[in-house]
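To keep things clear, I will list the structure first and then write my remarks on it.
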Amino acid sequence: VGLSKELELSPLQLCLENLHRTLQRKDTQGFFAYPVNDTIAPGYSNIITHPMDFSSMKYKIDSKEYHTLEKFRSDFFLMCNNAMVYNAPETIYYKAAKKLMQSGCKLLAPDKIISMYRGIG
Ligand SMILES: COc1ccc(OC)c(-c2cc(C(C)=O)n3cccnc23)c1
């Protein structure tokens, strides 16, 4: 007896869960774990129109909102870019976002995405 229907993870979801886990492991301080709020980041919601964080991405994977690897990839880069727009270059958040983005570029490189699709079948 397999997982009940709604819990069954599709090959794409399994791939996205894997990528999500690998990328989130790089965020050792948890700066990208949850949505940034205006209390810890004054004026954030006025400056960043499309917020994104790892918990929101996880929710989108589990609710089957990502139909392609590219949609997941663009949310990841949106998350990193937001941090490099709101925070000044000398801040720990900007530097953490830049480093995270570099990891994402390697893991989510187009040739890697193509081979993942081949693997998904
Ligand atoms: C200092 O501990 C935390 C804990 C969680 C955070 O975001 C979820 C952040 C955080 C994360 C960010 C980002 C990602 O821009 N940020 C910007 C300004 C002030 N704080 C933050 C910091």
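These numbers come from a predicted model, not from an experiment. Remember, it's 1-based here, ligands and their atoms both numbered in the order they're listed.
No side-chain donor-acceptor contact under 3.5 Å links Tyr93 to the backbone of Tyr86. Side-chain atoms of Gln24 do not come within 3.5 Å of backbone N or O of Phe54 as any donor-acceptor pair. Judged purely by atom type and a 3.5 angstrom limit, Ser63 uses its side chain to pair as donor or acceptor with the backbone of Tyr59.
The CD1 atom of Ile113 sits 7.5 Å away from the SG atom of Cys15 when rounded to the nearest 0.5 Å.
The nearest heavy-atom contact from the protein to atom 17 (C) of ligand 1 is Asn87 OD1, 3.4 Å. Counting only heavy atoms of the protein, atom 8 (C) of ligand 1 lies nearest to Tyr34 O, 3.2 Å. Among protein heavy atoms, atom 9 (C) of ligand 1 sits closest to Ile40 CD1, 3.8 Å. Considering only non-hydrogen protein atoms, atom 11 (C) of ligand 1 sits nearest to Phe31 O, 3.3 Å. Residue, atom and distance of the protein heavy atom nearest to atom 10 (C) of ligand 1 are Tyr93 CE2, 3.7 Å. The closest protein non-hydrogen atom to atom 5 (C) of ligand 1 is Gly30 O, 4.0 Å.
Contact of the Asn18 side chain with the Arg21 side chain is registered, since non-hydrogen atoms from C-beta on lie closer than 4.5 Å.
Between Glu65 and Lys71, no side-chain nitrogen of the basic residue sits less than 4.0 Å from a carboxylate oxygen of the acidic one, so the salt-bridge criterion is not met.
The option with the heavy atom closest to atom 12 (C) of ligand 1, from among Val36, Leu100, Asp27, is Val36.
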